[in-house]
Amino acid sequence: MFNYGSYSFLIIGLVIFCIVHSYRRGTLNRWIFLIIFLPVIGSIIYIYSEILSNKRSFVKPIKPMLNSGGGNSAGNIKKLEEQLRFTDTFANRVNLADAYLAAGQTDKAIDLYKASLTGAFSENEHVIAQLMSAYYEEQRYEEVIPLAKNIYKLQQFPRSKAHLLYALSLENTGNIEQAENEFKAMKGRYSYFEQRYQYGLFLMRQNRDEDAFNIFTEMLNEEPHLGNIEKKSNRVWFSKTRDELRKISPAQRTV
């Protein structure tokens, strides 16, 4: 199967890497045949799809105001519960936990996420990020912070909702300076609009309306230069930003 001459060991190593990586993410059933039977092409496709494009990182992003209520129907949850009872796998546990979290059944979600962080899946970034969201929903901020440190160095973390929840949890536990450092790390031109909006709110809570005004006006000044897709996807944050600007007293508007 691996008759590639002098490149055989390199190909074998690549295949092993992809299999281990996929196993840790709980996606092995979907990728195993492609990687094994087309080792070079399969591995390249896997690396591009699962690592380089970060498509599976922090799936189903959740806003800081997490509980939207009724995100999953009772029928769908019952179906997922039956699947888990029939086959207790990592994927089935996480799927049900995600459904619980979206439906506001946070305690049940937490139990399943914690039960899933074992063995080869003890550092699964999706589960860690979702558990952070669940703890934040329950205002258990002290438990959000150590989880964030487990995934802090991942390439996708700076732009993730998990990073935002980490910064907000630091604030809610009195670590104001560290929280601001995290907000600053999420501040970039023509991007990070939700994070920058939340940074502005953070500054207002610290009675720094002038700094918040600068953040908000900078965001709105960038809006006309965005493409239609970017404008549409961030419309809610521009709207919220305008609402907050109206609350800032004229005396603070030095820009």
Side-chain angles (χ1 to χ4, degrees), residues 54 57-68 101 106 109-110 113-114 117 123-222 233-234 236-249 252-255:
N54 296 322
S57 300
F58 304 111
V59 185
K60 302 176 185 176
I62 296 176
K63 298 179 176 63
M65 295 67 73
L66 298 173
N67 188 354
S68 58
L101 183 60
T106 314
I110 289 172
Y113 287 136
K114 290 172 65 177
L117 287 173
E123 298 179 2
N124 183 274
E125 57 263 38
H126 171 68
V127 176
I128 291 174
Q130 292 292 82
L131 184 55
M132 288 173 63
S133 297
Y135 280 147
Y136 188 89
E137 173 78 356
E138 295 284 293
Q139 299 182 14
R140 294 163 63 174
Y141 307 118
E142 296 84 357
E143 294 174 82
V144 173
I145 294 171
L147 285 173
K149 294 177 180 178
N150 292 334
I151 55 177
Y152 191 88
K153 294 183 179 180
L154 293 178
Q155 182 181 1
Q156 60 269 21
F157 184 76
R159 300 182 67 92
S160 70
K161 291 296 190 299
H163 193 184
L164 182 55
L165 296 181
Y166 176 48
L168 291 167
S169 296
L170 288 169
E171 179 191 3
N172 280 291
T173 52
N175 297 294
I176 303 302
E177 182 177 353
Q178 190 177 354
E180 182 163 10
N181 289 337
E182 298 303 326
F183 277 116
K184 287 179 178 178
M186 295 182 279
K187 183 176 178 292
R189 288 177 61 81
Y190 302 103
S191 60
Y192 294 98
F193 292 109
E194 178 182 0
Q195 291 88 338
R196 291 158 70 188
Y197 166 75
Q198 293 292 343
Y199 183 25
L201 295 184
F202 165 83
L203 292 170
M204 292 177 70
R205 289 191 292 270
Q206 309 309 315
N207 297 315
R208 293 166 56 186
D209 285 5
E210 182 177 340
D211 291 335
F213 179 80
N214 292 337
I215 294 290
F216 291 148
T217 53
E218 185 181 68
M219 288 174 58
L220 295 180
N221 287 339
E222 293 172 10
S233 62
N234 292 288
V236 63
W237 306 116
F238 293 129
S239 177
K240 288 176 177 290
T241 295
R242 291 187 179 91
D243 291 341
E244 295 303 324
L245 271 176
R246 297 187 188 101
K247 300 176 185 178
I248 298 177
S249 65
Q252 300 296 333
R253 302 182 183 186
T254 60
V255 178

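In what follows, every heavy atom counts, from backbone to side chain, and hydrogens, waters and symmetry copies are set aside.
Between Ile151 and Ala162, the shortest heavy-atom distance links the atoms CD1-CB, 4.3 Å. Across all non-hydrogen atoms, the minimal contact from Met204 to Ala212 is CG-CB, 3.5 Å. Residues Ile215 and Lys187 come closest through the heavy atom pair CD1-CE, 3.2 Å.
With hydrogens and angles ignored, the 3.5 Å screen pairs no side-chain donor or acceptor of Asn175 with any backbone N or O of Gln178. Here the side chain of Ser239 pairs no donor or acceptor atom with the backbone of Val236 at under 3.5 angstrom.
Of the inter-residue distances, the one linking Ile176 atom CD1 with Arg205 atom CZ reads 9.0 Å to the nearest 0.5 angstrom. Taking CE of Met219 as the reference point, atom OG1 of Thr241 lies at 3.5 Å (rounded to 0.5 Å). Considering CG of Leu170 and CZ of Phe202, their distance stands at 9.5 Å, rounded to 0.5 Å. Atom CZ of Phe183 sits about 6.5 Å away from atom CD of Gln198, to the nearest 0.5 Å. Separation of atoms CD (Gln195) and OG (Ser160) is listed at 8.0 Å; rounding is to 0.5 Å. Atoms CD and CG, from Glu123 and Leu154 in turn, are 9.0 Å apart once rounded to the nearest 0.5 Å.
Side chains of Leu203 and Gln206 form no contact here, defined as non-hydrogen atoms less than 4.5 Å apart. With a 4.5 Å cut-off on side-chain heavy atoms, Ile110 and Leu131 count as touching. At a threshold of 4.5 Å between non-hydrogen side-chain atoms, the residues Tyr199 and Lys184 count as touching. Taking the side chain as every heavy atom from C-beta outward, Phe216 and Ile248 approach each other to under 4.5 Å.
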Check: Between Lys240 and Glu194, is a salt bridge (charged side-chain N to carboxylate O under 4.0 Å, His left out) present by the stated rule, with each step listed?
Finding: CA-CA 10 Å; Lys240 288 176 177 290; Glu194 178 182 0; over 6 Å; no

Next item on the list: Could you walk me through whether Lys153 and Phe157 pass side chain to side chain contact (heavy atoms under 4.5 Å, CB included), step by step?
Entry: CA-CA 7 Å; Lys153 294 183 179 180; Phe157 184 76; over 6 Å; no

Note to self: Between His163 and Gln156, is the side chain to side chain contact (heavy atoms under 4.5 Å, CB included) condition met? List the steps.
What the structure shows: CA-CA 10 Å; His163 193 184; Gln156 60 269 21; over 6 Å; no

Note to self: If you apply the rule side chain to side chain contact (heavy atoms under 4.5 Å, CB included), what do you find for Ser191 with Arg159, and how did you get there?
What the structure shows: CA-CA 9 Å; Ser191 60; Arg159 300 182 67 92; 4.0 Å; yes

Next item on the list: Might you work through the side chain to side chain contact (heavy atoms under 4.5 Å, CB included) test for Leu101 and Tyr113, ending with a clear yes or no?
Entry: CA-CA 10 Å; Leu101 183 60; Tyr113 287 136; 3.9 Å; yes

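Relative orientation of the Tyr141 and Tyr136 rings is perpendicular, given thresholds of 30° and 60° on the angle between their planes.
Using a 3.5 Å distance cut-off with no hydrogens or angles, the side chains of Tyr152 and Glu182 do pair a donor with an acceptor. No side-chain N or O of Gln130 forms a donor-acceptor pair with one of Tyr135 less than 3.5 Å apart.
Between Glu222 and Arg196 there is a salt bridge, since at least one side-chain N of the basic residue sits less than 4.0 Å from a carboxylate O of the acidic one.
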